[in-house]
Amino acid sequence: MVDGLAKLTKELLRGMLKPVTVNYPAERLPDEFTLSLEEIRGKHRFDEDKCVGCGACNVVCSSGAITVSDSQDQRVLKVEVARCIFCGRCRDICPEKGLELTSEFELSQTGSRGGDCVKVEQKISMRRCEGCGRPTFPTKQIDSVKTRVLDKIDPSSKETASRDLEVYVKYCLDCRRTRSYAFNIHPRKSY
Amino acid sequence: MTPTVTSFEGALLLLLVSFFLGVLYSYEVRKISARLQYRRGPWLLVPKSLRKTLGTTRLLQPLYDILKLLYKESIIPETARTRLFKTAPLVALTCLGAAAILTPLAGYSPFASFELSLVAVLYLLLGVPLAFVLGGAVSSSPWGVVGSQREAELVLAYETPFIIGVFTVAVMADTLSIQSIVAAQISRYPYLLLNPFSAAAVFLAIVGKLHLKPFDIPEAEVEVVAGPMTEYSGRLLGLIEIGKVLLISISVSLFIDLFLAGGMIPRLGYPLVALIFILEGFLVVSLITLVHTLNPRFRIDQAFRWYLKVPTLLSALGLVWAYSLRYLHTAILWG
Amino acid sequence: MRLSLKKKARVYSPWIFHAHAGGCNNCDIELAACFAPRFDLERMGVQLRNNPRHADIFLVTGPAPKQIAPILKRVYEQVPNPKVVVACGSCAMTGGVYNRDDGKPNYALGGPVERLIPVDVLIPGCPPKPESIIEGVLLALEKLREKNS
Amino acid sequence: MVSSEDMLAGLRERLGPDLTSESKDPKNTFTINTRKERVREVARYLIGEVQGRLIQVSVIDRGLDGYEVVYHYSLDHLEKNLHINVKVLLPADEPEVESVSLEAPESSWSEREMMEFTPVRFINHPDPRHLWLPHEWPNPVESEKYNPVERNGVLTTPATYSKNSEASLIPLGPYHPLLIEGAYFRVKFDGEEITDADVKLGWNHRGIMKLFESRSYTRGAFLAERVCGICNVTHTTAYLNAVESLSGIEIPDRARYIRTLMAELERVHSHLLWLGVAGDLIGFKTLFMLSWKVREQVLDVFESVTGSRRAPAMNLIGGVRKDVSSENIKKTERRLGGMRREVERLVDIAYNHPVVRKRLQDIGRLNLATAKNAGAVGPTARASGWKLDTRSSSPYAAYEYATWDVVTDGGGDAWARTIVRLKEILVSIDISTQCLEALNHRGGPISIEPVDPKDFKLSEALGKAEAPRGELVYYIVSDGTNIPHSVRIRTPSFRNNALIPNLLKGHTLADAPIIVGSIDPCYSCTDRTVIVQDSRRDTIWKTALIDLASVRSR
């Protein structure tokens, strides 16, 4: 009966000697506590030149925190940190590695509405459709898709493909549908 | 040797010093119980980079809690009987204030030299839990009612060993005034050495009186939200917190007066005696904190049975031991 | 700047009441971890009180389902002034992962916390790490200092 | 013991012509269709004679041809992974079926849940009240009317449920320090002793299964993780077990070991968390501080391996998202060794402390008969001497390769439940060290390509996992599209919470916290049910919701 208390007293006196508390605001967590700090998933950061504005992160975001809004000639990718659950899917899925999660996780702030929490934005210029003038795709996305498609095609028909792509990209979907017979992109000319 | 200033300022000074000692004691309880649990507890010295916003030290953390509560708005439930609800803390405070004036602090006490001061202090200390019972019963929350039932049971449990232990000291010193008890001890030996049984019984009763861990059943925050204090908030809660601080300082200085000769080593000058009194106070409080950190909470029936078993037996043994001392070897007692 | 004694006492001893409004209790255990030995909040005089009557900081976690929304409002009423509301976690701020993708309201949720009670401090994260909760509490202290009721 | 073949033969000769169709899937799960009149007979046979367990009753909305009630029987004490789904198709206009809660009392809460959220009615069910939805559902809850901000508004009558109660009725209400989350026990007293307790849940109801029906399989994994904050790796494992058996893929060995490592570390963290909270419930703040100090090291391992302390988000369809690097393994092994010594010291303290033993012994006793009858799962069942563990009876991930044994204790009271959990911490640390060794010298891929939902092998699947609190069941029905047709979740606390009212009887208010705490309830697990909405007619069925306008798009 008494040895239970004796063991506990020994443990408490050991606790007296070396408290485990980290004086958080003054000193950070020492390294031997967290083995690798850069693994931590914190606030998002768009890489200006790498991100092509394809919106893959919006598709894959598991809590719908990333929204894509196309205005006249600009696509705005907005990450609502208030809704994000920091799962890191957007970082893994991004084809161009344009979005990464910094290890800055202290994001608390004063504010009365969830909406006015910090937002991370990325603006990409869009290419206008020559037929109807509505925005089609971000210019950078078009270039990156073109390079990807071209190095997959065997070199013999590479230049015909790139010519087709040039025509293909000029119009938006509706104009392309209405004009599809006009510039006849299909190689089968038999009928 | 001690300045006998029997005036109103003396009493006020004694009250303020006793309150200030109580703040230090409750800071010590929180700090030591935190340090024992591998954590740092309220800062003794705030790190440099935070001094601007969080102040330099947290030694007076209980004082800040009380001040904050005094400035806060107080919500009183409609269904509670407001007049009784408001006066309960005041009753507790007046009892504690009177008791604080009557217990000598390091030998200095303007009023404690009259004959029945020990009985007066005991009565006044008994008034405090009864005031809390009244406060809890009157506040319309079921937790208040259950809390005050438990408080009443606990008072019965720890009062018997407390009273027997204290009167054993009166028997040994053959007087009922605290001042002469202290004087009797100075001339011979402190009663802690002569009669350790009743000292242990009174110590365990004090742990119950202060509602510290093995016996914080009335305010068990998990079972009965805050017991009698559930409905109190703001200023009224501030008064109760002041009461708690005073209670811990009075109990500790009473224990020192009765069993450690009031910290009065015969040949020392006045300032040194006060220092020794405070050190003995911190020693007793650290012992109480060790008991507080080591144990989980008893159930009310377990606490009742335990109090009737161990402390009551100890105090009875102490009483028998005191009488044997008094009649067989009177030399030790009065020399 | 010199703080008046009233404001100093208010900032030096903030008592937190934790109101669980739905949610997956990840934020609640991270808040409890703030009082565990490593991130001990009692250093700053903070105490976790279980009674809204004794609280200064009203910390809410979770997206406030419909059934607990009226109870959350009534408990908010019990906290005496001056009080500060902290919305901890993405659920409390915007409903987080429990929002429907098509923008329609989730049938079970009574809306994020700001729809029910006025919020002062926001702590994003799912769950926010104890460090960001402590930073949120420090921000709440500044808000307490400005409140003059 | 009855083998699976002659159990099936027994079923066939009992049902005879009523056994309309029978099929078996590679994961050893049989599916049987019968008529609704034979349901109680099947229950009597499978539970009475074969000692099986009815783990979940779920209702699937088959649209035009009515509602399909599925009774999931688990017979994994006969063979590994042996389950039987008994299906009954009810016509859409009068979906009534006999309630089986007389033969299998454990299914009473499942039936109540399905009765509350789907138009199906279970006839002569002992207690058909609302358990999840507020009592005044479907008219709008009082929250819309009451605006708190103006200070002296008239306090409308609170939405409590004990209007006509005598003085001796104490609400352990939605906000009570005894529970971290919202739950509501109406406890009737005479003097200090509890005579009756009634439970009302739903304070944490987020309609998770309805959300599952509007999320693709990959995104569903992150919603499954947030059903319960303490056991989120187990929820994703169970969800992915179901999805992977739907698509018929087998995850590579390295991924199996990493998933087991994650699950076992989470069990250690959950049990240490429970030890701290239980210490706090009996007033032992020091035990809370000590056990949460040790728990911080488990969270450090989580942070270094997966990048986030609490919501690791490691598992995804087809395997694991991040690999455990070799130097990480060495550090984790060293840390686990240190943690093992600290946990042993902690177990020593908790075990020999006289007052802890006095406060926990013969409190909330649950004998083996009532445990089996009420269908208790996890440490609560194992503490009453029932050798019931999903990791051994229907193993998943890498539990067949690891060598460990199920911890049981005959006591049945809160003290036995404490001992079972303390021993399980040590067993879990052993399993994680075995996993780390295996990971050390076994390379290989960590995930494979998920299969396109169009060519899923099965149309429905049962995924099981052992959460720290007990057996967790996911039942997913897929209709070929990228979004699951319906997902049913049966969490362990859903079963253990049903025990609380009769465990509380006869004890004092001081024991109520530790009795409720010793079951280790997790109310976020319990409140996650679904709303099935009658898609044929646009008028909303009387028990379903009025403000639910979104028709679930097929």
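Just so we're clear, the structure is a prediction, and the values are computed from it rather than from any experiment.
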Can you tell me which of Arg150(B), Gln37(B), Lys213(B), Gln302(B) forms the most heavy-atom pairs within a distance under 4.5 Å of chain D? Gln37(B)
In plain terms, say whether Glu296(D) and Arg39(B) are close enough for a salt bridge, that is, a side-chain N and a carboxylate O under 4.0 Å apart. no
Against chain D, label Val224(B) side chain, backbone, both or neither, depending on which of its atoms sit under 4.5 Å from a heavy atom there. side chain
For chain D, which candidate among Ile300(B), Leu294(B), Leu36(B) shows the most heavy-atom pairs at distances under 4.5 Å? Leu294(B)
Between the side chain of Thr286(D) and the main-chain N/O of Thr293(B), is any donor-acceptor distance below 3.5 Å? yes
Can you tell me if Arg359(D) uses its side chain to pair, donor with acceptor, with the backbone of Arg297(B) under 3.5 Å? yes
To check you understand the geometry: which heavy-atom pair defines the closest contact between Glu223(B) and Leu509(D), and what is its length? CG-O, 4.0 Å
Applying a strict 4.5 Å limit to non-hydrogen atoms, the region of Ile363(D) in contact with chain B is side chain
Test side chain to side chain contact (heavy atoms under 4.5 Å, CB included), reference Pro296(B), set Ile514(D), Leu281(D), Val356(D), output is Val356(D)
Which atoms of Lys285(D) come close to chain B, meaning under 4.5 Å heavy atom to heavy atom: side chain ones, backbone ones, both, or neither? both
Can you give me the closest heavy-atom contact between Phe298(B) and Val355(D), atom names plus distance? CE2-CG1, 3.8 Å
What do you reckon, is NZ of Lys86(B) surrounded by more than 12 foreign heavy atoms closer than 6.0 Å? no
